[in-house]
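Predicted model, so just to flag it, every value in this text is computed and none were measured. Just so you know, these numbers use all the heavy atoms, side chains as well, and skip hydrogens, waters and symmetry mates.
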Protein chains: 2
Amino acid sequence: MKHKTIGIKDIAERAKVSTGPVDKVLNNRGGVSKATREKILKAIKELGYKPNILASNLKSGKQRNIAVLIPKSTPNIPFWSLHQRGFDAAMEELAPFNFNLEILNFDQNDENSFKTQVDRAIGSQLDGLLMVPIFKKETKRLLDHCRSTEIPVLFFDSHVEDLEYTSFIGQHSEESGFLAAELLDKCLTRNQKILIVTLEEKDGNHLHFKKREAGFNSFHQKTNVKLLKYENTTENLEKVKKDLLGILQQDKDIRGVFVTNGVNIVMPIVERIGKENYKSIGYDLIDQNIHFLNTGALDFIISQKPARQAYEGLKLFYEMFVRKQIPQKDYFLPIDIVVKSNLKYFSSHITL
Amino acid sequence: MKHKTIGIKDIAERAKVSTGPVDKVLNNRGGVSKATREKILKAIKELGYKPNILASNLKSGKQRNIAVLIPKSTPNIPFWSLHQRGFDAAMEELAPFNFNLEILNFDQNDENSFKTQVDRAIGSQLDGLLMVPIFKKETKRLLDHCRSTEIPVLFFDSHVEDLEYTSFIGQHSEESGFLAAELLDKCLTRNQKILIVTLEEKDGNHLHFKKREAGFNSFHQKTNVKLLKYENTTENLEKVKKDLLGILQQDKDIRGVFVTNGVNIVMPIVERIGKENYKSIGYDLIDQNIHFLNTGALDFIISQKPARQAYEGLKLFYEMFVRKQIPQKDYFLPIDIVVKSNLKYFSSHITL
DNA sequence: ATGAAAGCGCTAACAG
DNA sequence: CTGTTAGCGCTTTCAT
């Protein structure tokens, strides 16, 4: 069954022009008189023309250069290495379309390193930019450049308000906190208290943590559950540990622990006192955290789905460049709940 | 930067033949002498040739006919309507590659209707078959036909042992049951009992339910938690309801409810007695179940990800036909935990 | 501003 | 069995 495809030639014929102008109209390249443009658009509509992306990409065969501005992974913060799987998967899938990825790493605690990479991005010949917008001022500078050169910019991981970007992909942090609260609530009784812990890198980007906490609190506005809060930097870890130990030992009504960041530091203390006394929840599927899921000390992990963010980000460029679709503004990924029994699905390479 | 692509011509040149035989070797079409075949394969390897799927599909432009053998959705069992979203998404994404879907519905309680559709599938000109293998005998007949005509067959939703199929996509039912047990265990104390409920259609396919239960039991081999079990068909619903009400009222130590099937029938009874007394978990994101998640009567839903199964199934055919990849045997999708707070991500059309 | 025409890399039909 | 060749639908260059 050879479904008669209508192509650029049919349009040309119908509009009584040749294929040259038709192509120009289809790709908004200009250089077509108003009159013929009208005729062509009319023919396109009448014939219900759908472009053949295979033919179009076969002919042009052009490279699409995508730069990825992402913090570098460190032994302490291996989180940023989790994205690679998604980049790899997408590149593999998009291989026929000549995507070209340049990863630009920076130190998330050092604005200068960010600036350096922003400069490199501005200097290179880009078709698209996928970035974690950690530092606002430099991000704005980069964004201005991209706007003037019409390069689409996708944010991932972190959201920044009132900046003009193309699209965002990531987790809704408040909702993840709200979800965490619901989960702990199911495991605890009403007279039990919950400790909220946030441990921060000294100069880091803490937006996520605040939002998670806000979401958590928002759930508990309707309950009478007592929430305690401990917040500190990771500069003096010994003090942090002593503090936490003290808090948990002193108040035996604390039975829930919500860690917005640094769950791998908190869990050894919980284990010391007795993991069977606590229900706990933390973020991110890094090995240090997974360990405590396996020992049973940590009950839940909420994943930000870094690999999926990376994968969907690149696919979004495919949608834009190859399929000429206009993306939605924001893509909030599903918030996955990971426990010991379903861990393998999320840590393995099976799915993203 | 024009990365010099090596094509079929380069191979021909290198092997001192023309493109004709090269194409035949690449596509295993036969009709090539052993000697030239060797030369060509050598050249392919030496040059690291990668086929250009754009060109290949542009030229051949052939239709791929995929039949989908799936139970029909009914008001009572809307589950089978959830797949459509996945089919739609995949078809949209694969539009350039001329896939053609034929949905063959059957009554999952009527082997005859299945047979009818098997006949239709055998009679039509297929390139691939995506099916729920409910009835073993007829499935085998269809499989034999497909093997002899070299049509790849993907099973989804249900797994059938010792049948030769290409690949399976779905949920690992035992593991989902094990997960359910872990979740309830987090919410209950050791002296509380759990009721396992299975409600079956009279002639249905109950493999999933048994496996879920087995997984659940397997978790509790290491605990001292008391498990009770209630199993019945949905033929006499009044009796079922009376039975359940009796069981729950009589034994106030029952605080957990695990429903392998029919959670929408069980939950009204839980609500009647007092939903705050129970932690409960059931399967499938159909509206009737979602309702109880929203009222707070049902704590967890495990989704089989029907839309994702449908989507991945079609994508697998894309991998096979277009990208000429050989699929793995089994794809077990991640087991998602859905609670009230993250429900919207799984019921909406955002992601699959 | 428009038309004509040469391919992109591959397939498939046909001739040798 | 092997070589030749005409396109697939679109982009792009060059001439008009």
When you look at B/Y165 and B/F155, which way does the ring-ring contact (aromatic ring centres under 6.0 Å, His included) test go after all the steps? CA-CA 7 Å; B/Y165 56 92; B/F155 285 170; 4.8 Å; yes

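As rounded to whole Å, 15 Å separates atom P of C/dT2 from atom CG of A/L26. One interatomic measurement links the two molecules: CG of B/N57 to P of C/dT11, which rounds to 9 Å at whole-angstrom precision. For B/K59 and C/dG7, the NZ to P distance is 18 Å, given to the nearest whole Å. In this structure, B/E13 places its CD atom 13 Å from P of C/dG9, rounding to the nearest Å. Taking atom CD1 on B/I8 and atom P on C/dG9, their separation rounds to 11 Å, with Å as the unit. The distance from atom CZ of A/R29 to atom P of C/dA1 is 15 Å, rounded to the nearest whole Å. In this structure, the CG atom of A/N98 is 12 Å from the C1' atom of C/dG9, given to the nearest Å. Rounded to a whole Å, the CD atom of A/Q63 is 17 Å from the P atom of C/dC8.
Remark: the backbone N or O of B/I70 is paired with a side-chain donor or acceptor of B/N105 at under 3.5 angstrom. Looking only at distances, no side-chain donor or acceptor of A/E319 sits under 3.5 Å from a matching main-chain atom of A/K324.
Between B/F168 and B/Y331, the gap from one ring centroid to the other reaches at least 6.0 Å.
B/R37 comes within contact range of no nucleotide atom at all, as no heavy-atom separation falls under 4.0 Å. Residue A/T36 is classed as a sugar-phosphate contact, given heavy-atom separations below 4.0 Å to backbone atoms only. At a threshold of 4.0 angstrom between heavy atoms, the contacts of A/N27 are confined to the sugar-phosphate backbone, with no base atom among them. A/D23 comes within contact range of at least one nucleobase, with a heavy-atom separation under 4.0 Å. Counting any heavy atom pair closer than 4.0 Å across all strands shown, A/G7 reaches sugar-phosphate atoms only and no base atom.
Boundaries of the chain A contact region on DNA chain D are D/dG9 to D/dT12, first to last in 5' to 3' order (nucleotide atom under 4.0 Å from a heavy atom).
Annotation: cation-pi pair A/K115/A/F106 absent, no NZ/CZ under 6.0 Å from the ring centroid and within 45° of its normal. Cation-pi contact between A/K305 and A/Y311: absent, since separation from the ring centre below 6.0 Å together with deviation from the ring axis within 45° is not met.
Between B/L54 and B/K24, the residue whose closest nucleotide on DNA chain C is further toward the 5' end is B/L54. Taking the nucleotide of DNA chain D with the nearest heavy atom to each of B/L58 and B/S18, the more 5' of the two is matched to B/S18. With DNA chain C read from its 5' end, the first of the two nearest nucleotides for A/V32 and A/T19 is the one closest to A/V32.
Side chains of A/T116 and A/S113: no donor on one and acceptor on the other come within 3.5 Å.
Side-chain nitrogen and oxygen atoms of A/S33 include at least one within less than 4.0 Å of the OP1 or OP2 phosphate oxygen of C/dT2.
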